[in-house]
Enquirer: 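Below are the structure tokens for one structure; questions will follow.
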There are 2 protein chains.
Amino acid sequence: MNESFKALADPTRRKIIDLLKEKDRTAGELAEYFQMSKPSLSHHLNSLKHAGLIQDEREGQFIRYTLNMTVLQEVLGWVLSVTGAGSEDKKAAPNKKKEDHPS
Amino acid sequence: MNESFKALADPTRRKIIDLLKEKDRTAGELAEYFQMSKPSLSHHLNSLKHAGLIQDEREGQFIRYTLNMTVLQEVLGWVLSVTGAGSEDKKAAPNKKKEDHPS
DNA sequence: TATATATTTAGATAATTATCTAAATATTGA
DNA sequence: TCAATATTTAGATAATTATCTAAATATATA
């Protein structure tokens with residue numbers, strides 16, 4: 001969980017998630033969307049993979065990356081536990097919040 | 001948005017969010033839940049405040065912290081955009097006409 | 001086998017972040 | 001005004017992270 005949030009703290013990595021949300025992509029395809037060097041992108045991919053947010057699978061010469069929805073839903077679970085919105089299927093948290101004094 | 005995710009990347013700060021979810025608390029009350037020095041906790045509070053995730057309000061000697069649900073819901077929005085707002089099984093071809101950002 | 005392509009690993013460096021102690025600021029009440 | 005309490009700011013240092021180039025690994029194909 002901590003690794004997930006740490007991984008999501010970087011805009012490059014969130015964009016990778018956005019791109020993989022559309023469809024699975026190889027490392028090289030992902031690299032086209034960024035200016036940085038491929039080793040740098042590889043570092044970000046490794047960060048996401050280490051967090052369990054994505055998975056990789058070799059396909060011949062290429063390595064194809066895919067989202068791991070299970071871990072993403074754990075993240076969703078925490079955010080929902082704070083915002084209290086919608087269906088909480090993890091541990092439901094009571095949410096009593098008086099929203100009253102803006103600055 | 002980036003500041004929010006950066007702020008949430010730290011477990012101390014997520015615990016602060018959890019504590020404020022229960023009820024508003026002063027800096028000193030929050031400090032009771034952590035081992036670190038008060039200046040260190042203040043640094044974390046400042047990080048959350050800078051991200052807009054929490055707000056502070058002086059109450060005499062004390063400073064009371066509250067969650068800012070608006071910004072938290074922006075975070076929720078991004079996570080939902082990845083996981084799929086509905087009750088989709090996995091990420092099997094959702095008809096998402098929502099975004100496309102190359103660049 | 002040799003070469004080209006795809007990707008990662010290694011190693012270095014610069015930037016960012018977390019933490020501490022000491023000092024400063026704001027408020028309360030005697 | 002002085003002392004106590006609550007909290008932050010300043011300044012230093014150590015740890016972590018992002019990035020680069022160069023080299024290594026894995027695969028495909030001529």
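All chains are named by letter (A, B, ...) in the order of the sequence lines, taking the proteins before the strands, and each is independently numbered beginning at 1.
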Enquirer: Between NE2 of H44(A) and CG of D10(A), what distance do you get to the nearest 0.5 Å?
Expert: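 Result: 4.5 Å between the selected atoms.
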
Enquirer: Has the side chain of Q61(B) got a donor or acceptor atom sitting under 3.5 Å from an opposite partner on the base of dT28(C)?
Expert: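 Such a pair does not exist between side chain and base.
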
Enquirer: Does anyone know the first and last nucleotide of DNA chain D in reach of chain A, 5' to 3', at under 4.0 angstrom to a heavy atom?
Expert: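 On DNA chain D, the outermost contacted nucleotides are dT17(D) to dA28(D).
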
Enquirer: Report yes if the side chains of L41(A) and T12(A) come closer than 4.5 Å at any heavy-atom pair, otherwise no.
Expert: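 Result yes, sub-4.5 Å side-chain heavy-atom pair found.
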
Enquirer: Would you indicate what R64(A) reaches in the nucleic acid, counting non-hydrogen atoms under 4.0 angstrom: base, sugar-phosphate, or nothing?
Expert: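 Nothing, no heavy atom under 4.0 Å.
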
Enquirer: Answer with base, sugar-phosphate or nothing: what part of the nucleic acid does F34(B) contact at a heavy-atom distance below 4.0 Å?
Expert: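 The answer is nothing, as F34(B) stays clear of every strand by at least 4.0 Å.
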
Enquirer: Both R58(A) and T12(A) contact DNA chain D. Which one's nearest nucleotide lies toward the 5' end?
Expert: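 Its nucleotide being nearer the 5' end, the pick is T12(A).
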
Enquirer: Go nucleotide by nucleotide along DNA chain D from the 5' end; which of K38(A) and G60(A) gets its closest nucleotide reached first?
Expert: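 Result: K38(A).
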
Enquirer: Just to be sure I understand the geometry, which residues of residues 1-11 of chain A put a non-hydrogen atom under 4.0 Å away from DNA chain C?
Expert: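 Nothing qualifies; none.
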
Enquirer: Would you classify T26(B) as touching base, sugar-phosphate or nothing, given that sugar-phosphate means primed atoms plus P, OP1 and OP2, and contacts are heavy atoms under 4.0 Å?
Expert: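 Touches sugar-phosphate only.
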
Enquirer: Would Y33(A) end up clustered with F62(A) when hydrophobic side chains under 4.5 Å apart are linked, directly or stepwise?
Expert: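 Not linked; separate clusters.
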
Enquirer: Donor-acceptor pair, R14(B) side chain versus L8(B) backbone, under 3.5 Å?
Expert: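 Flag set: sc R14(B) to bb L8(B) pair under 3.5 Å.
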
Enquirer: If I take atom CD in residue E59(B) and atom P in nucleotide dT28(C), what distance separates them, rounded to the nearest angstrom?
Expert: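 My rounded result for the distance is 11 Å.
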
Enquirer: Do V75(B) and L19(B) belong to the same hydrophobic cluster, where Ile, Leu, Val, Met, Phe, Trp and Tyr are linked whenever their side-chain heavy atoms lie under 4.5 Å apart, directly or via other members?
Expert: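 Yes; tracing contacts between hydrophobic side chains, which count when under 4.5 Å, links both residues.
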
